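What you see is a predicted model; the values in this text were computed from it and never measured.
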Amino acid sequence: MKKYTTLLFIMLFFVANAQTKSAFNRDNISLLPKPSSLEFNEGEFQFVANTKIIQQDPSQQKAINYLKGLFSKAAGYHLAVSKSKKSGAVIFEKTAGLKNGGYTLAINPKGITVKASEETGYFNAVQTLRQLLPKEIESKTIQKMRWAVPAVVVKDEPRFAWRGMHMDFSRHFFDIDEVKTFLDYMALYKLNTYHMHLTDDQGWRIEIKKYPLLTEKGAWRIPNNQDTICMDRAKENKLYTIDERKFKMIDGERKYGGFFTQEQIKEIVAYATERCITVVPEIDMPGHFKSAIDNYPFLSCDEKSGWDTVFTYPTCLGKPTTYEFMKNVLAEVIPLFPAEYVHIGGDEVNIKSWEKCPHCQKAIKENGLKNEHELQSFFNRDIEQFLKSKGKKFLGWDEIVEGGLTKEATVMWWRGWRPEAPKKAAENGNDVVITTTDVYYFDYLNEGTKLERIYNYEPIPKDFTAAEANNVLGVQANLWAETIPSFTRLEYQAFPRILALAENAWAPKENKDFKAFNQRVEKQYDRLDVLDVHYYIPAVEGLDKEIAFVDQTAVNLKLAYPLEGTKIYYTLDGTVPTQKSLLYKEPFMVKDTATIKARSYRGDLFNDLKTTKVIRKNYIASVHANTTEKGLKKWVVKGTFKKVEDIKTPTTSDYTKVSSIELGDLKDEKDFSIIYQGYFNAEKDGIYEFETRSDGGNLLFIGDEIVVDNGGYHGPRKKYAKVALKKGVHPIKIHYKASANPKMIDVWYTLQGEELKPLTSAVTLF
C-alpha cells in the first residue's frame with residue numbers, strides 16, 4: 001500500500017508542478033497595440049469561479065466592472081470584489097507617477113497585480129488582460145473551458161493622448177446598438193476618443209427640442225444617389241445592403257433616415273464613459289448645413305437651399321439669426337457631452353454665396369474683415385467664445401486655419417495635400433489632431449490604403465520642430481459613410497486597419513517592424529471571429545484589367561497576401577461566385593470570350609467581388625520601317641484645340657527627336673498640344689498593353705486605330721487598352737492636349753501579365 005501512496009504523491013507533485021509551467025506558446029500571443037515592455041515568465045494564472053478582485057480605490061471601478069462583465073458573460077463567473085489582499089486574486093493597486101493611460105500588469109501563478117495612477121490606466125490593463133485570455137472571453141454565451149493567462153510582466157503607456165475613431169451618421173445612419181458594439185471594439189484596442197459626425201447635408205441625426213423640424217423632417221430623405229449606388233452594389237454584394245428598418249413612409253413617400261433622441265445620446269455617452277472613451281460631437285457649420293436650411297430657410301443668404309456645383313449653399317454669416325440658431329443648437333448639445341471639445345466642422349464651405357450676399361458683404365465691411373475667409377473666422381471666433389462660456393473647447397477641420405485662429409482653437413488636419421495648414425496651426429501654438437486622407441480615411445478601399453502603409457505612416461510631419469510636435473494631440477481615423485450603408489460594411493472598412501491606427505496611436509515610432517506587426521494581426525482574427533466582426537480579407541488579384549487573347553490565354557489569380565483559410569472561388573458565366581463555385585487551385589485556360597467573377601472567402605467572410613471580361617483580339621501585322629534609329633518625333637503646336645480629337649499630325653519637319661515622353665519645361669506653358677510619332681518595336685507576337693497618364697486629354701494610335709482613348713478635359717488620369725501585335729514594328733502616335741495647368745503626359749507599355757515600363761527609345765524607332 002505504501003508504494004501506491006508514494007506513486008500517487010509523485011503524480012500529484014508533477015500535476016501541481018505542471019500547472020505552474022506555462023502552457024502558452026509566446027509566439028501565439030498577440031497584444032495590440034504593442035506594449036512598451038513585455039516580459040515572459042514561467043507558469044500561468046487560472047481564473048476560477050471564486051477568484052477574487054481586490055479593489056483599493058474608486059478610480060479602479062470601471063476597469064473592475066469591465067473585467068467582471070467579461071467573465072459573467074463568457075464564463076458564468078460572478079467574480080467577487082473585496083478590499084482585503086489575498087493570494088490567488090486580481091489586485092488593483094494605485095501607484096503615483098505613471099502617465100495617463102499607463103499601467104503595469106504582473107501575472108504569476110499566485111495572482112495578478114494591476115498598477116496605475118488613474119482610471120484609464122487600470123482600464124487599459126484590463127484590455128491587455130482581455131487579449132491574454134482565450135479568445136472565447138469575447139463570447140456572448142457561457143463557454144466551458146480553462147480561463148488561464150500566461151505569467152508575464154507588462155509595462156505600458158500610450159504615445160498619444162488622442163487615439164480616435166470617427167463615424168459619419170449623416171450619409172448613412174447607425175443605430176444605438178451598433179454604436180455600442182463599435183465602442184467595445186475601440187476599448188479592446190485602447191482607442192479612447194469617439195467622434196460622432198451628427199449633422200451634414202444628407203441628414204440631421206440629433207434631437208434639438210427648440211427646432212423640432214431638424215429631426216421630424218431633416219433626419220429623413222428621399223433615397224439619394226448615395227443610397228442608389230449602395231442599392232445597386234448590393235445586388236452582388238450584400239455588405240452594401242441598406243437595412244429596411246431605416247426606411248419609413250412619411251407623407252406618402254418612402255424615406256431613409258433616423259436620429260438619436262437626447263436620451264439615447266446620454267445612453268451612448270454613459271456607455272462610452274464606462275469604457276474610458278470620450279465622445280466628441282460634431283455639429284457641422286457654417287457649411288454642410290442643408291438638412292437644417294431645408295427646414296429653416298431663413299438660415300441661408302437668399303432663403304434658398306440646395307447644391308451649387310460641388311457643395312451646398314452655406315448659412316448666411318451676415319444675419320444675426322444664424323448666430324442665434326447655432327448657439328441655440330449648441331446650448332442643447334453641450335449638456336449631453338461631458339467632453340471638453342465640441343467639433344464645429346468648418347470644412348468645404350462654399351464661400352461664393354457670401355461674395356454675392358449683401359448681408360455678408362455688410363458684415364465684412366462693418367467688422368473690418370479682408371475677405372470671406374476672414375468672415376468665416378469671425379463666425380468661428382464668435383462660436384468659440386460661446387463654447388468657452390460653457391466650459392468647452394473649439395475644434396474644427398483644418399480649413400478653419402485659413403482666416404486666422406485664436407490660440408485656444410484645436411485643428412483636425414484632414415487635407416494631406418495641404419501640409420501648410422497643420423504647420424501654421426502648430427506654429428501658432430494650436431493643438432492638432434492628425435487624421436489625413438493619406439492613410440486615415442478608412443472609407444477608402446483597403447486595396448488603396450493598405451495596412452502596411454498605415455502602419456508605417458509617421459503622423460507628426462517631418463518639418464515640425466520639437467515644440468510643434470508637442471502640439472500634436474494624437475491621431476484619428478475617419479469612416480465617412482457615403483458608401484458605407486451598413487454596420488457590416490463599416491466593420492469591413494475598419495478592420496484590420498483599425499489595428500494599425502491603434503498601434504500608431506499607442507506605440508513609440510521607433511523599431512517598427514511590419515512583418516512582426518502583421519503576425520500579431522493574423523493572430524487577432526480568431527478573436528474577431530468570436531466577436532462576429534466581418535473584417536477585410538485579402539482581395540483577389542489578376543482581374544483588375546480586361547484579359548485579351550488571340551487563340552487562348554492562361555488566367556492567373558492570386559490573393560493580395562497569404563492568410564490561412566482564405567480561398568478563391570470563381571465563375572466564367574458572369575454569376576456571383578459562392579463557396580459552391582469553382583475553387584481556384586492553379587492557372588486555367590480560357591479559349592473564348594467570357595466574364596470572369598472571383599471572390600475570396602474565409603469561412604463565412606468574403607471580400608468584394610472582382611470582375612473582368614475576356615476578349616478576343618486579332619493580330620495587327622507589323623510594317624516595314626526605313627529606319628533603325630531609335631527615338632520618337634515630337635511636335636509642339638501652339639494654340640488651342642476644342643478637343644484632343646481635333647489635333648492632326650503635322651507633316652512639317654520642325655520636329656525634335658526625343659527618347660522619352662514627358663512634359664519637361666512645358667509644364668510652365670499655356671495653350672499648346674504635343675504630337676509624338678514613330679514606331680513601336682514588338683519583340684514577339686503577343687498581347688500588348690498600353691497605358692497613358694495625363695491631364696487635359698490624349699489619344700494613342702497604333703497605325704490609324706485609336707488604342708487608348710484618354711480624351712476629354714480632365715485632371716490627371718490614366719487609361720489603358722490591350723492590342724494583339726505581331727512581332728516587328730508598328731506605327732505609333734500620341735496626341736496630347738494640355739490642360740489649363742499642364743501636369744503630365746506619360747506613356748507605358750508591357751506584354752500582358754508583366755510589369756509596365758515607360759515607352760522610351762528602348763522600344764521605339766524614329
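With a 6.0 Å cutoff to the six-membered ring centre and a 45° limit on the axis angle, Arg693 counts as a cation-pi contact of Trp748. In this structure, Lys512 is positioned above the aromatic face of Tyr455, its NZ or CZ under 6.0 Å from the six-membered ring centre and within 45° of the axis. For the pair Arg602 and Phe606, the NZ or CZ position fails the cation-pi test of under 6.0 Å to the six-membered ring centre and within 45 degrees of the ring normal. For the pair Lys545 and Tyr720, the cation-pi criterion (under 6.0 Å, within 45° of the ring axis) is fulfilled.
Salt-bridge formation is detected for the pair Arg146/Glu44: a Lys NZ or Arg NE/NH1/NH2 atom is positioned less than 4.0 Å from an Asp or Glu carboxylate oxygen. At a threshold of 4.0 Å, the pair Asp695-Lys743 does not count as salt-bridged, since none of the basic side-chain nitrogens sits closer than that to a carboxylate oxygen. A salt bridge is absent between Lys62 and Glu274; no separation between the charged side-chain nitrogens and carboxylate oxygens falls under 4.0 Å. Salt bridge annotation for Glu447-Lys610: present, with a cationic side-chain nitrogen under 4.0 angstrom from a carboxylate oxygen. Between Asp184 and Arg275 there is a salt bridge, since at least one side-chain N of the basic residue sits less than 4.0 Å from a carboxylate O of the acidic one.
Using bins of under 30°, 30° to 60° and over 60° for the plane-to-plane angle, the ring pair Tyr584/Tyr570 lands in the perpendicular bin. The aromatic rings of His166 and His195 sit perpendicular to each other, their planes meeting at more than 60°, with 30° as the lower class boundary.
Closest of all the heavy-atom pairs between Gly345 and Ile400 is O-CG2, 4.1 Å.
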**Request:** Report the C-alpha separation of Glu468 and Asn470 in whole Å, then their side-chain angles, then the decisive distance to 0.1 Å, and conclude whether the side chain to side chain donor-acceptor pair (under 3.5 Å) test is met.
**Result:** CA-CA 5 Å; Glu468 290 162 0; Asn470 286 334; over 6 Å; no
**Message:** Assess the residue pair Phe517 and Glu522 against the criterion (side chain to side chain contact (heavy atoms under 4.5 Å, CB included)); give the C-alpha distance rounded to whole Å, side-chain angles, the decisive distance to 0.1 Å, and a yes or no.
**Reply:** CA-CA 9 Å; Phe517 166 76; Glu522 290 184 3; over 6 Å; no
**Message:** I'd like to know whether His172 forms a side chain to side chain contact (heavy atoms under 4.5 Å, CB included) with Gln226, so could you lay out the CA-CA distance, the side-chain angles of the two residues, the decisive distance to 0.1 Å, and finally the verdict.
**Reply:** CA-CA 9 Å; His172 285 104; Gln226 293 165 359; 4.3 Å; yes
**Asked** What do the steps show when you test Glu138 against Arg130 for side chain to side chain contact (heavy atoms under 4.5 Å, CB included), and what is the final call?
**Response** CA-CA 9 Å; Glu138 312 296 345; Arg130 179 181 173 187; 2.9 Å; yes
**Message:** Glu503 vs Lys34, test: salt bridge (charged side-chain N to carboxylate O under 4.0 Å, His left out). Steps then yes/no.
**Reply:** CA-CA 7 Å; Glu503 191 132 325; Lys34 182 181 179 181; over 6 Å; no
**Request:** Evaluate the salt bridge (charged side-chain N to carboxylate O under 4.0 Å, His left out) criterion for residues Asp57 and Lys94: first the C-alpha distance (whole Å), next the side-chain angles of each, then the deciding distance (0.1 Å), finally the verdict.
**Result:** CA-CA 7 Å; Asp57 189 87; Lys94 189 154 190 172; 3.7 Å; yes
**From CA spacing to verdict: side chain to side chain contact (heavy atoms under 4.5 Å, CB included), Arg415, Thr437** = CA-CA 6 Å; Arg415 296 179 298 171; Thr437 55; over 6 Å; no
**Asked** Going through the checks in order, is the side chain to side chain donor-acceptor pair (under 3.5 Å) test met by Tyr122 and Gln61?
**Response** CA-CA 9 Å; Tyr122 298 117; Gln61 192 65 55; over 6 Å; no
**Gln131/Arg527 under side chain to side chain donor-acceptor pair (under 3.5 Å): CA gap, chis, key distance, verdict** = CA-CA 9 Å; Gln131 291 189 32; Arg527 186 173 298 270; 5.8 Å; no
**Asked** What do the steps show when you test Asn430 against Asn471 for side chain to side chain donor-acceptor pair (under 3.5 Å), and what is the final call?
**Response** CA-CA 7 Å; Asn430 298 97; Asn471 288 105; over 6 Å; no
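For the pair Thr193/Ile277, no side-chain contact is recorded, criterion being any heavy-atom separation below 4.5 Å from C-beta on. In this structure, the side chains of Arg489 and Asn237 come closer than 4.5 Å at one or more pairs of heavy atoms. Put simply, the side chain of Pro459 reaches to within 4.5 Å of the side chain of Arg159, judged on heavy atoms. Residues Ser600 and Lys567 fail the side-chain proximity criterion, which asks for heavy atoms closer than 4.5 Å. Between Leu191 and Leu501, the closest side-chain pair of non-hydrogen atoms falls below 4.5 Å. Contact check for Ile454 versus Thr449: side-chain heavy atoms found under the 4.5 Å cut-off. Leu395 has its side chain within reach of Val280: a pair of non-hydrogen atoms, C-beta onward, lies under 4.5 Å apart. The shortest distance between side-chain heavy atoms of Asp284 and Asp347 falls below 4.5 Å.
A donor-acceptor pair is defined here as one N or O able to donate and one able to accept, closer than 3.5 Å; such a pair exists between the side chain of Arg497 and the backbone of Phe442. Between the side chain of Lys407 and the backbone N or O of Gly429, no donor-acceptor pair lies under 3.5 Å. Judged purely by atom type and a 3.5 angstrom limit, Asn100 has no side-chain atom pairing as donor or acceptor with the backbone of Gly121. The backbone N or O of Trp414 sits less than 3.5 Å from a side-chain atom of Asp398, completing a donor-acceptor pair. The main-chain N or O of Asp443 is found under 3.5 Å from a side-chain atom of Gln493 such that the two form a donor-acceptor pair.
Atom CD of Glu564 is surrounded by 12 or fewer heavy atoms from other residues, nucleotides or ligands within 6.0 Å. More than 12 heavy-atom neighbours from other residues, nucleotides or ligands sit within 6.0 angstrom of CG on Asp544. Around the NZ atom of Lys450, the shell of radius 6.0 Å holds no more than 12 heavy atoms that belong to other residues, nucleotides or ligands. Within 6.0 Å of CG in Asp513 there are more than 12 heavy atoms belonging to other residues, nucleotides or ligands. No more than 12 heavy atoms of other residues, nucleotides or ligands sit less than 6.0 Å from atom NZ of Lys238.
The aromatic ring centroids of Tyr569 and Tyr601 lie less than 6.0 Å from each other. Here the two rings, on His343 and Phe394, have centers that are 6.0 Å apart or farther. Checked against the 6.0 Å centroid criterion, the rings of Tyr457 and Tyr440 qualify as a close aromatic pair. Between Tyr444 and Trp480, the ring center distance fails the sub-6.0 Å criterion. The six-membered or imidazole ring of Tyr66 lies near that of Phe123, with a centre-to-centre distance under 6.0 Å. Between Tyr535 and Tyr525, the gap from one ring centroid to the other is short of 6.0 Å. Between Phe47 and Phe71, the distance separating the two ring centers is shorter than 6.0 angstrom.
The CG atom of Asp156 lies 9.5 Å from the CG atom of Leu105; values are rounded to the nearest 0.5 Å.
For Phe160, there are no ring pair (Phe, Tyr, Trp, His ring centres under 6.0 Å) partners, not counting sequence neighbours.
Across Gln524, Arg520, Gln519, a single residue satisfies side-chain hydrogen bond (donor to acceptor under 3.5 Å, both in side chains) together with Ser30, and that is Gln524. Just one residue in the list Val149, Ile91, Leu67, Val152 forms a side chain to side chain contact (heavy atoms under 4.5 Å, CB included) with Ile112, and that residue is Val149.
In summary, the side chains of Trp147 and Gln46 do not present any donor paired with an acceptor at a separation below 3.5 Å, with no hydrogens or angles considered.
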